[in-house]
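Down below is the structure, laid out as structure tokens.
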Amino acid sequence: MSPEKSCSESPFSALSYQEQQDRWLEWRSRQLDYQPADRNPSEADPFPPTASMPLRMPNMALAAPTRHRELDQVISRHAQALRKAGAFQPLSTK
């Protein structure tokens, strides 16, 4: 081992950026589960291409309905807790 190389340096980090990318793609390609593409085009497609269907675009000018039921519940529980707790009375008065 040459003195300029440290023991803690990995062989992967010693590679150039392009070599690291190539090694990563090679490793990743081994991890993927490829399925053979021997599908016959005459077979019935479970999702056949449909004719262009008309799309309804949302009208962004309309205001969205307000949905603050959860916030109203939190505020009512807070008000209920305030009523139940009563006024704050410190233990010591100076």
Side-chain angles (χ1 to χ4, degrees):
M1 182 176 243
S2 61
E4 60 270 357
K5 283 201 168 194
S6 66
C7 295
S8 63
E9 185 179 334
S10 74
F12 186 77
S13 67
L15 299 174
S16 70
Y17 177 77
Q18 186 60 44
E19 290 170 331
Q20 288 178 356
Q21 294 300 309
D22 292 341
R23 294 273 306 269
W24 165 250
L25 290 174
E26 176 188 346
W27 179 83
R28 186 70 181 121
S29 68
R30 288 193 304 256
Q31 304 302 315
L32 297 175
D33 184 26
Y34 287 109
Q35 300 295 324
D38 59 353
R39 188 172 146 207
N40 191 354
S42 65
E43 293 176 6
D45 193 4
F47 302 106
T50 59
S52 65
M53 298 186 320
L55 296 176
R56 269 189 58 181
M57 298 301 289
N59 188 353
M60 298 298 182
L62 295 177
T66 57
R67 298 182 195 124
H68 49 76
R69 179 177 47 230
E70 292 86 6
L71 181 60
D72 289 340
Q73 290 174 351
V74 168
I75 291 172
S76 67
R77 283 196 307 258
H78 184 261
Q80 182 182 11
L82 284 175
R83 285 191 304 270
K84 191 174 183 180
F88 175 71
Q89 306 250 339
L91 294 175
S92 62
T93 55
K94 289 186 179 181

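Any value given below was found using the heavy atoms of this structure, including those in side chains, with hydrogens, waters and symmetry copies removed.
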- By the rule that ILVMFWY residues connect when side-chain heavy atoms come within less than 4.5 angstrom, directly or transitively, which residues belong alongside W24? L25, W27
- If you link ILVMFWY side chains whenever their heavy atoms are less than 4.5 Å apart, which other residues fall into the same cluster as Y17? By chain and number, please. none
- Message: With salt bridge (charged side-chain N to carboxylate O under 4.0 Å, His left out) as the rule and sequence neighbours excluded, what pairs involving residues 16-26 come up?
- Response: E26-R30
- Scanning both residues in full, the closest heavy-atom pair of A14 with E9 reads CB-OE2, 3.4 Å
- Residue pairs involving residues 76-87 (criterion side-chain hydrogen bond (donor to acceptor under 3.5 Å, both in side chains); sequence neighbours excluded): none
